[in-house]
Amino acid sequence: NEYLSISEDDAWTCLSHLRDIHPNLAHYRLRAALGWEPVPGSSRVSDWIEQHRHEFAPVITGPDEDAEPVYFDFSVASLEFDPTSLTVPGHAAEALWKATGDGVSIGRWNEPRLAYTGAAYGTLSGERRTVHIGVDLFRQEGTPVCAPLDGIVHSTCISHDQFDYGGCVLLEHRPDEAPVFWTLYGHLSHDSVLQLEKGQRIRSGEAFVQLGAFEENGGWVPHLHFQIVTDRLDLEGTFPGVAAPSQLATWLSLSPSPKNLLGLDGRVDTPPRLSTEDLMVRRREHISSTLSVSYARKLHIVRGHKQFLFDAEGRAYLDAVNNVPHVGHSNPRVVDALHRQMRTLTTNTRYLHESILDYSERLCAMLPDPLEVCFFVNSGSEANDLALRLARVATGKQDIIVLDGAYHGHLTSLINISPYKFDGAGGTGCPPGTRIVPMPDPYRGAYKGMTHESGLAYAEAVRAASDDRGVAAFIAESVPGCGGQIVPPPGYLAAASTAIREAGGLFIADEVQVGMGRAGSHFWGFQIHETDDPSTHVVPDIVVLGKPIGNGHPLAVVVTTRAISDAFTNGMEYFNTFGGNPASCAVGLAVLDELRDQGLQNNAHVVGSRLLKGLIALMPKHSIMGDVRGVGLYIGVELVRNHSSLEPADSEASYVANRMRDLGILISTDGPLHNVLKIKPPMVFTTEDADHLVAVLDDVLGEDAVQAQVKD
C-alpha cells in the first residue's frame, strides 16, 4: 500500500545498515554510551597481562637485543614524519630506518594519524577511521616474529589490497584466570603465513612468521602491526587496526593497550588528548570571552594542509571559509621561504635589503599606474589605519564616507568607520566625522539588480555625502564581505570614485579580503566590472592589502601614488618595527610565485564559476535561499524566511553552518543580519571540493530544522 508505506524508506535504509553491524559491536557501543566498560571482561584481560608482564617473550628484536626502543610520533600534529612516510618508500623510510638503528622502533597505540587515506578507512556516517589501535614494531622485511605467550593459530588471511595487512595471523590465547583473547600480527610475508595451519600450537618465544616486504604488506614500510583483540566479532584472520574517533571507547576496549604484553613502557600509549570542554575551561581562565570560538561544537584544530584542516583526532574538514591561507594551508614554498630568511636575517627597514625592493616592485607592477609607492605593516587593520592617515594628510580634511554595514578593522580609528561594529551589539552609533552611504546591494537595497543604472544610482549617494567638500576619503571593500558578500552593480566603483575626487577626496580600495586573484576574472576586486571601455576602469588613490598576501604570516601593505606619499612626508617619520622585514617580504614573494606558477587566479575563476552555478541550481529546490552571489572564490548565500519581506533566516543560517561543520565542511555566517552563508576557501579549492560542498549543502538545506521556518 503506497499510502501506508510512504514513511518506510528511512527505516529500510537504517535496517540495511544495521544488518552489517555485528550484534556484539552494537551491544558494546550501547554500553559505552552508558559509561560502562564496553566489552565485559576486557579489563580482566588487561589485568591478567599486567600481572604476568615479566613472563612474556620478546615479539621482535633488532641486531642489538639490548638497544633501547625508539618511539615515533606519527600523530596528526607531529613534525617528525610526513603523514605519508609510512606508505612511501624512499627518503622518508630511510630516515625512519636511520632513527631505528640496531633496535626496534615503536609506533604508538591510540594515536590519531593522517596516513589512513584509502577508501577502506571511510564509514557509513562519512567519518574516517583515523586512530591506530595497535602498536607498530619497525624492522626490515624478513625479520622473524615471535609469539609472546603460548597460543594456537586461530585463523590467517592474505590480502592484496593497498593499505591492508598483507599477510595476517590471529593467535588464540586461553589463560586459566582470564577470558579468551587473541593477538593479531599484520604486515607479514605471504610465504610465512601460508606455512601455518589452523589449530597449530605456537610456543612462547617461537619465531613463527616473518615481516613482509613493502610490495606484499599493503604498501607500508616493513613493520609488524601487533594488537590485542578481546572479541574478534567473528572475523577470520583479520581485525580492524584503525578506529573512528566517535567510537573510540568501544574499540579501545576491543583492543586495549598491548604495552605489558610487549614489555614496553608507558611511552607506547599516546598521551591523553584534551577534550574541547577541557580546552574551553583553560581558555576562559586567561583569554577574554570577547574572542569568540566558532561553531556550537568547538573544533580543536592541530594541522592544516592545502584546503583541509585536521582536528586532534585526525578528522579532516574541507575548509571553505578561511581566505587567509590564500595559496593553501602550510604551503611548502611559503614555509621554506620563511624558514630560509629567518635563518639568515630578519630586521627592520632601516637597513637596506633586496627582499623589500623585490616585493614592492612586484606588487606595483600588478597595479595600475600611478600606484607605485608601498608602506609595509603587519595587518589589515594597521594598513587601513595608515590609509586614513595618508588621506587626511594629503587632503587636509577629516571626514570619511563608508558603506552601511562595512567593517575595516579593529583599531579605534577603524571601529569609528565600521557600521558593522558601531551599529551592532556593544556599539555606540555613528561617531562624528563618519558619513554612511547605502550598501550597493542589488538584492536587498533600494536599487534592484545588477545593472549599470543601479550602480550609478548607488554612487549618487557618495556624491551627495561629499557635496560640502569636507571629506577626506571614501573607503570601501571592492566586494564587501561583512556587509554580506555583496557584489556591487557594474559602474558603481567607477562612478563613486569619480564623485569623491570631484569633491576633493580620495578613493581607498580595501582589498584585504578579495584581492590577489580571488575574484577569478581579475586580480583585484576593483577591476571586476572593467571592460575595454576606459570609463569602466577604476584606479584607486590608495589600495590596502592584507590577510592573504602573507598566507597566515602577519603581512599587509598600503600602496598609493607618489603625490600622496610625498604629501605624507612632512617631517614626521613613519616607522613600523616589523613591517617590511626581510622574512615577511620573502613570504610575500613566495605567495606571488605560487599564485603565478600554480595558475590560482584561473583556478578561482573556473572553480568559483562551477561552485556559483551549483549553488544557484539549488535555489528552485530550497525556497529559503533568497540570493546567491559572488565572484571567483568569494561567494555568499543569503537565507530568508519570506521572499516578499526578505525576513532574514539568521538562526537557520547558524544551524546550516554548524551542520556543515558536523558533516566535515567549514563555512560561516556573515552580513549585518547574520543570515548570509560565507564561502571563501583557499585558492587551491578544486572542482571536486565545489561539487561536494554543493551536495552536502543541498542535504542540509533539506533538513526539517531549516525548512520549518520558511513562510513562502
* Who passes salt bridge (Lys or Arg N to Asp or Glu O under 4.0 Å) against D627, sequence neighbours left out? -> R629
* To do: Can you establish whether the number of heavy atoms outside K298 located under 6.0 Å from its atom NZ is more than 12?
  => yes
* To do: Using distance alone, with no hydrogens and no angle criterion, decide if D689 and T686 have a side-chain donor and acceptor under 3.5 Å apart.
  => yes
* Whether Q341 side chain and A337 backbone form a donor-acceptor pair below 3.5 Å -> no
* Using a distance-only test with no angle check, is there a side-chain donor-acceptor pair under 3.5 angstrom linking N416 and T434? -> no
* Under 4.5 Å between any side-chain heavy atoms of R518 and M683, yes or no? -> yes
* Structure fact -> Across all chains, not counting sequence neighbours, the salt bridge (Lys or Arg N to Asp or Glu O under 4.0 Å) partners of D593 are R362, R596
* **Residues M516, L592; criterion side-chain contact (heavy atoms from CB on, under 4.5 Å); working and verdict** => CA-CA 8 Å; M516 304 288 286; L592 292 180; 3.4 Å; yes
* Any F507 side-chain heavy atom under 4.5 Å of I542 side chain -> no
* Please say whether more than 12 non-hydrogen atoms of neighbouring residues, nucleotides or ligands are located less than 6.0 Å from CZ in F575. => yes
* If we only count heavy atoms from C-beta on, is the V544 to I508 side-chain gap below 4.5 Å? -> yes
* Structure fact -> Sequence neighbours excluded, the answer for ring pair (Phe, Tyr, Trp, His ring centres under 6.0 Å) partners of F376 is Y359
* Asked: When you look at N348 and T577, which way does the side-chain contact (heavy atoms from CB on, under 4.5 Å) test go after all the steps?
  -> CA-CA 6 Å; N348 58 55; T577 302; 5.6 Å; no
* T531 side chain to T536 side chain, donor-acceptor N/O pair below 3.5 angstrom -> yes
* Between the side chain of H522 and the main-chain N/O of W524, is any donor-acceptor distance below 3.5 Å? -> no
* Asked: Out of curiosity, D319 CG to H329 NE2, how far, rounded to the nearest 0.5 Å?
  -> 3.5 Å
* Only one of T561, V373, T395, I564 passes side chain to side chain contact (heavy atoms under 4.5 Å, CB included) with L390; say which it is. => I564
* **salt bridge (Lys or Arg N to Asp or Glu O under 4.0 Å) pairs, two or more places apart, involving residues 412-440** => D399-R435, R435-D468
Per-pair distances, 0.1 Å, donor-acceptor, side chain in residues 474-481, under 3.5 Å, sequence neighbours excluded:
unit_1, atom_1, unit_2, atom_2, d
E477, OE1, G481, N, 3.1
S478, OG, E511, OE2, 2.4
S478, OG, F526, N, 3.4

* Output the distance between atom CD1 (I486) and atom CG (D670), rounded to the nearest 0.5 Å. => 10.0 Å
* Tell me, which pairs form a salt bridge (Lys or Arg N to Asp or Glu O under 4.0 Å) where one or both residues lie in residues 529-556, sequence neighbours left out? -> R501-D541
* Run the numbers on R659 and E652 for salt bridge (charged side-chain N to carboxylate O under 4.0 Å, His left out), then give the verdict. => CA-CA 10 Å; R659 280 292 291 139; E652 291 81 2; over 6 Å; no
* Asked: Is a side-chain donor-acceptor pair under 3.5 Å present for S584 with H553?
  -> yes
* Which residues satisfy the ring pair (Phe, Tyr, Trp, His ring centres under 6.0 Å) test with F568, sequence neighbours excluded? -> F375
* What ring-ring contact (aromatic ring centres under 6.0 Å, His included) pairs are there with at least one residue in residues 420-455, not counting sequence neighbours? -> Y447-Y458
* Going through the checks in order, is the side-chain contact (heavy atoms from CB on, under 4.5 Å) test met by C364 and V559? -> CA-CA 8 Å; C364 292; V559 188; 4.2 Å; yes
* Asked: Does any non-hydrogen side-chain atom of V327 lie less than 4.5 Å from one of P682?
  -> no
* Asked: Side chains of R463 and D467: does their closest heavy-atom pair fall under 4.5 Å?
  -> yes
* H622 side chain reached by L697 side chain, heavy atoms, under 4.5 Å -> no
* Structure fact -> Sequence neighbours excluded, the answer for salt bridge (Lys or Arg N to Asp or Glu O under 4.0 Å) partners of D385 is none
* Not counting sequence neighbours, which residues clear side chain to side chain donor-acceptor pair (under 3.5 Å) with Y492? List them please. => none
* Asked: For N603 and Q598, does a side-chain donor sit closer than 3.5 Å to a side-chain acceptor?
  -> no
* **Expected output: side-chain N675 to main-chain L639 donor-acceptor under 3.5 Å** => yes
* Which residues pass the salt bridge (Lys or Arg N to Asp or Glu O under 4.0 Å) test with E688, sequence neighbours left out? -> none
* Donor on one side chain, acceptor on other, D510 and H408, under 3.5 Å -> yes
* Asked: Below 4.5 Å, heavy atoms only, C-beta onward: do V640 and R444 meet side chain to side chain?
  -> yes
* To do: Could you grab the distance from atom OH of Y634 to atom NZ of K678, nearest 0.5 Å is fine?
  => 8.5 Å
* So, E594 and N551: side-chain donor and acceptor under 3.5 Å apart, yes or no? -> no
* Asked: Are there more than 12 heavy atoms of other residues, nucleotides or ligands under 6.0 Å from atom NZ of K613?
  -> no
* Can you list the steps and then say if L701 with V656 is a side-chain contact (heavy atoms from CB on, under 4.5 Å)? -> CA-CA 7 Å; L701 290 175; V656 169; 3.9 Å; yes
* First locate atom CZ of R392, then atom CG of L506, and finally report the distance between them rounded to the nearest 0.5 Å. => 11.5 Å
* Take atom CZ of F578 as the centre, draw a 6.0 Å sphere, and report whether it contains more than 12 heavy atoms from other residues, nucleotides or ligands. => no
* Determine whether S413 and L411 make a side-chain contact, defined as any pair of heavy atoms from C-beta on separated by less than 4.5 Å. => yes
* To do: Using atom types as modelled and distance alone, determine if a side-chain donor or acceptor of N331 lies under 3.5 Å from a backbone N or O of R333.
  => yes
* Asked: What are the two closest heavy atoms between L456 and A495, and how far apart are they?
  -> CD2-CB, 3.7 Å
* Asked: Is the CG atom of L291 crowded by more than 12 outside heavy atoms at less than 6.0 Å?
  -> yes
* Structure fact -> So CD1 of I417 and OG1 of T412: to nearest 0.5 Å the spacing works out to 12.0 Å
* Asked: Who passes side chain to side chain donor-acceptor pair (under 3.5 Å) against E361, sequence neighbours left out?
  -> none
* Asked: Rounded to the nearest 0.5 Å, what separation is found between the CD1 atom of I549 and the CG atom of L595?
  -> 11.0 Å
* Any donor-acceptor pair under 3.5 Å linking the side chain of S454 with the backbone of M450? -> no
* Can a donor-acceptor pair be found between the side chains of S651 and S654 at a distance below 3.5 Å? -> no
* Asked: If you take all heavy atoms of L357 and S360, which pair is closest and at what distance?
  -> O-OG, 3.1 Å
* Asked: Which heavy atom of A459 sits nearest a heavy atom of A496, and at what distance?
  -> CB-N, 3.7 Å
